[in-house]
Chemist: 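Structure provided below as structure tokens; questions to follow.
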Amino acid sequence: MTEHTTCVVVGGGPAGMVLGLLLARAGVAVTVLEKHGDFLRDFRGDTVHPSTIRLLDELGLGERFAALPQSRVEQAVFPVHGRPLPVVDFGRLKQPHPYIALVPQWDLLNLLADAGRAEPTFTLRMRTEVTGLLRDRDRVTGVRYTGPDGDGELRADLTVGCDGRKSVVRAGAGLRTRDFPVPFDVWWFRLPRQSSAGYSLVPRTAPGRAMIMIPREGYFQIAYLIPKGQDAALRARGLDAFRREVAALAPESTVDGLTSWDDVKLLDVRMDRLRRWHTAGLLCIGDAAHAMSPAGGVGINLAVQDAVAAATILAEPLRRGRVTAGGLAAVRRRRLPATALTQALQRVLHRRLLAPILSGAEVQPPAPLLGAVGPVAVAVGGAGPPGRGRHPAGTRPGVRPALTRRLSPPRAGNPVGTGNIQGDGMAICDTCGNEYDKAFTVTSHDGWTATFDSIECASAKLAPECAHCGCRILGHGVETPEAIYCCAHCARKASNADINDRYPVPAGA
């Protein structure tokens with residue numbers, strides 16, 4: 001059985017669900033394929049940062065999100081010489097939600113799935129596992145899958161891999177990664193929780209041990225850090241020794257529920273980043289493009305920001321059936337600085353804090369490192385301390401995703417926006433959705449208008465695309481009666497135009 005959709009999203013995690021919802025609200029036919037029958041996974045992050053909560057507000061889901069079981073973190077505190085030292089104060093953020101929400105990820109995904117099902121162009125298929133990619137020569141044209149009704153093929157104008165660090169999509173596309181060393185793995189288990197027990201972003205530590213306690217309804221989800229590759233050796237010491245170590249770090253709970261090593265699951269921690277996030281007809285985002293360390297609890301939020309960028313850049317080309325290599329590359333260009341900087345900060349934490357602790361040292365972090373902890377949490381939250389300008393990771397202050405509300409089909413002769421000026425004097429860029437007080441408006445000869453925050457965003461909407469290679473034409477280009485091209489080479493390749501960059505025409509050209 002072969003079917004067709006405009007965009008197939010592989011993986012129903014935060015990146016896949018947000019991308020699917022945003023594209024559907026833009027009028028794009030999108031199908032999300034999730035191999036499991038539900039979203040209940042132990043190895044799922046819980047930390048939802050201020051920028052993500054703000055996005056949910058923009059999507060009209062803020063009240064439903066606030067009703068989910070959750071804990072809120074307003075400060076990150078590090079114990080130094082036996083005294084608590086606040087490292088990050090989220091109350092300083094210029095955000096409507098100056099805190100981190102600890103929400104079971106499956107609740108968040110169910111919320112997004114319900115919102116998606118309300119869109120006529122959104123389809124979510126559970127228990128549908130992608131087994132390979134479809135190709136037409138060098139271009140990916142969809143996926144092969146197996147589902148409740150057997151095997152099938154789903155052809156698509158664009159395939160987006162959101163299927164995590166063990167991505168079938170990126171492996172099938174042959175995309176290469178840059179891998180970074182990680183000094184630890186994680187043991188994952190549960191402990192009983194009193195309702196009054198709190199949470200800190202910073203791990204509890206003792207020489208050779210580090211543990212993070214994530215509050216969930218009725219229990220703590222424990223992330224217990226162990227030296228990389230030492231799972232078998234540490235288990236060989238015996239369960240009683242492990243229970244004593246856990247009890248020393250979590251005196252407010254009890255270890256009575258740890259009756260077997262079967263209760264303790266191993267997460268092989270990886271950190272990597274694709275050198276190239278796309279190939280013809282295919283894009284990877286989220287953990288499929290950049291596997292993150294658990295340090296800082298950033299994974300959900302970077303994945304969501306990837307999805308917002310991808311939807312902002314690609315929704316209009318998908319509606320027109322004109323997705324180009326340049327558009328896919330633009331997603332990586334927008335998201336790479338935030339991703340690379342966040343991973344660099346995580347590597348500093350690994351090297352200067354976690355690796356020494358796990359090797360047995362009693363670490364009191366130096367002041368420069370304490371200053372580095374804050375940017376990881378603050379930057380990915382989408383806002384920073386007062387007085388800062390643009391932030392190194394996450395969305396910029398004032399960014400308002402342009403696709404949070406349903407879009408009507410474009411009017412004939414008006415492919416861009418309508419001059420989206422706000423009542424407070426700010427203007428929203430029709431390309432990227434940024435609210436900016438120095439935006440400008442362009443009016444065409446036939447009366448439509450568009451607002452932009454930069455020349456780059458104006459070019460992305462106004463500059464014509466080469467009919468052969470798809471790049472934006474910022475100069476005069478080469479025009480035939482049928483189309484416009486960026487250069488003579490593209491004109492010759494796509495038409496019978498007798499044109500060349502040089503005269504006379506070189507032999508064999």
Side-chain angles (χ1 to χ4, degrees), residues 42-43 45-47 73 76-85 87 102 181-194 197-216 219-271 292-298 345-366 369-370 372-373 376-377:
D42 264 344
F43 294 130
D46 293 61
T47 51
V73 179
V77 178
F78 202 101
V80 176
H81 302 300
R83 298 175 59 189
L85 174 66
V87 178
L102 276 297
V182 179
F184 63 91
D185 290 324
V186 172
W187 278 347
W188 198 250
F189 57 94
R190 298 180 179 186
L191 291 179
R193 174 199 175 199
Q194 299 295 326
Y199 169 79
S200 171
L201 286 172
V202 181
R204 302 183 182 197
T205 62
R209 302 188 294 280
M211 185 171 78
I212 298 174
M213 303 177 68
I214 303 170
R216 290 181 177 166
Y219 66 95
F220 280 111
Q221 182 66 61
I222 305 298
Y224 192 92
L225 279 59
I226 64 172
K228 190 73 174 176
Q230 294 298 303
D231 174 65
L234 292 175
R235 289 177 188 258
R237 298 181 309 154
L239 186 64
D240 288 341
F242 173 58
R243 283 159 51 96
R244 287 193 296 270
E245 292 174 354
V246 171
L249 288 175
E252 73 271 41
S253 187
T254 175
V255 296
D256 292 344
L258 287 174
T259 60
S260 165
W261 281 115
D262 292 338
D263 300 324
V264 182
K265 309 300 181 184
L266 174 68
L267 173 62
D268 178 16
V269 179
R270 302 180 186 179
M271 181 188 289
M292 309 300 293
S293 162
V298 300
L345 289 170
Q346 288 183 326
R347 291 163 63 196
V348 170
L349 292 174
H350 293 173
R351 184 172 63 252
R352 297 289 300 275
L353 181 63
L354 296 177
I357 287 173
L358 294 176
S359 67
E362 185 171 352
V363 176
Q364 293 294 345
L369 183 59
L370 290 176
V373 177
V376 175

Chemist: Identify the heavy atoms of Arg243 and Val255 that sit nearest to each other, and give their distance.
Modeler: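 Looking at all heavy atoms of both residues, the closest pair is NH1-O, 2.8 Å.
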Chemist: Which distance, rounded to the nearest 0.5 Å, do you find between the CG of Leu266 and the CG of Leu234?
Modeler: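 The CG atom of Leu266 sits 10.5 Å away from the CG atom of Leu234.
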Chemist: Excluding sequence neighbours, so at least two apart, what forms salt bridge (Lys or Arg N to Asp or Glu O under 4.0 Å) with Arg270?
Modeler: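 Result, salt bridge (Lys or Arg N to Asp or Glu O under 4.0 Å) vs Arg270: Asp268.
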Chemist: For Arg351, enumerate each residue passing the side-chain hydrogen bond (donor to acceptor under 3.5 Å, both in side chains) test, keeping only those at least two apart in sequence or located in another chain.
Modeler: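 Arg351: no side-chain hydrogen bond (donor to acceptor under 3.5 Å, both in side chains) contacts found.
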Chemist: Restricting to non-hydrogen atoms, name the atom on Leu249 and the atom on Arg209 that form the minimum distance, rounded to 0.1 Å.
Modeler: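 Where Leu249 meets Arg209 most closely, the heavy atoms are CD1-CB, 4.0 Å.
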Chemist: Would you check if Leu239 and Thr259 make a side-chain contact, meaning some heavy-atom pair closer than 4.5 Å?
Modeler: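 No. Closest side-chain heavy atoms not under 4.5 Å.
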Chemist: Grab the two heavy atoms, one from Val298 and one from Met292, that are nearest each other, plus how far apart they are.
Modeler: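 Closest approach of Val298 to Met292, heavy atoms only: CG2-CE, 4.1 Å.
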Chemist: About how many Å separate CG of Leu349 and CG of Leu354, when rounded to the nearest 0.5 Å?
Modeler: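 It is 6.5 Å, given to the nearest 0.5 Å.
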Chemist: Which distance, rounded to the nearest 0.5 Å, do you find between the CD1 of Ile226 and the CG of Leu267?
Modeler: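 That separation rounds to 10.0 Å.
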Chemist: How far does NE2 of His350 sit from CE of Met271, to the nearest 0.5 angstrom?
Modeler: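 Going from the NE2 atom of His350 to the CE atom of Met271 covers 4.5 Å.
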Chemist: Kindly compute the distance separating CE (Met211) from CG (Leu225), expressed to the nearest 0.5 Å.
Modeler: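 Here the interatomic distance stands at 10.5 Å.
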Chemist: Kindly indicate whether the side chain of Leu358, heavy atoms from C-beta on, has any atom under 4.5 Å from the side chain of Gln230.
Modeler: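 No, side chains not in contact.
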Chemist: In chain order, what residues pass the side-chain hydrogen bond (donor to acceptor under 3.5 Å, both in side chains) check against Asp240, with sequence neighbours excluded?
Modeler: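 side-chain hydrogen bond (donor to acceptor under 3.5 Å, both in side chains) list for Asp240, sorted by chain: empty.
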Chemist: So, for Pro294 and Val269, which heavy atoms are closest and what is the spacing to 0.1 Å?
Modeler: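 Smallest heavy-atom distance, with atoms named: CD-CG1, 3.6 Å.
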Chemist: Could you work out, with salt bridge (Lys or Arg N to Asp or Glu O under 4.0 Å) as the rule, every residue matching Arg244, not counting sequence neighbours?
Modeler: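 Residues passing salt bridge (Lys or Arg N to Asp or Glu O under 4.0 Å) with Arg244: none at all.
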Chemist: List for me each residue that meets side chain to side chain contact (heavy atoms under 4.5 Å, CB included) alongside Ala355, sequence neighbours excluded, and say none if there are none.
Modeler: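 By the side chain to side chain contact (heavy atoms under 4.5 Å, CB included) rule, Ala355 matches Pro183.
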Chemist: Distance-only, no hydrogens or angles: does the Asp185 side chain make a donor-acceptor pair with backbone N or O of Lys228 under 3.5 Å?
Modeler: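 Here the side-chain-to-backbone pair does not exist.
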Chemist: Please name the pair of heavy atoms, one in Ser293 and one in Phe184, separated by the smallest distance, quoted to 0.1 Å.
Modeler: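 So the two residues come closest at OG-CZ, 3.7 Å.
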Chemist: Considering non-hydrogen atoms only, spot the tightest contact between Trp188 and Ala223 and give its length.
Modeler: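 Scanning both residues completely, I find the closest heavy atoms to be CZ3-CB, 3.5 Å.
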Chemist: Who are the ring-ring contact (aromatic ring centres under 6.0 Å, His included) partners of Phe242, not counting sequence neighbours?
Modeler: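 With sequence neighbours excluded, Phe242 shows a ring-ring contact (aromatic ring centres under 6.0 Å, His included) to Trp187, Phe189, Tyr224, Trp261, given in chain and number order.
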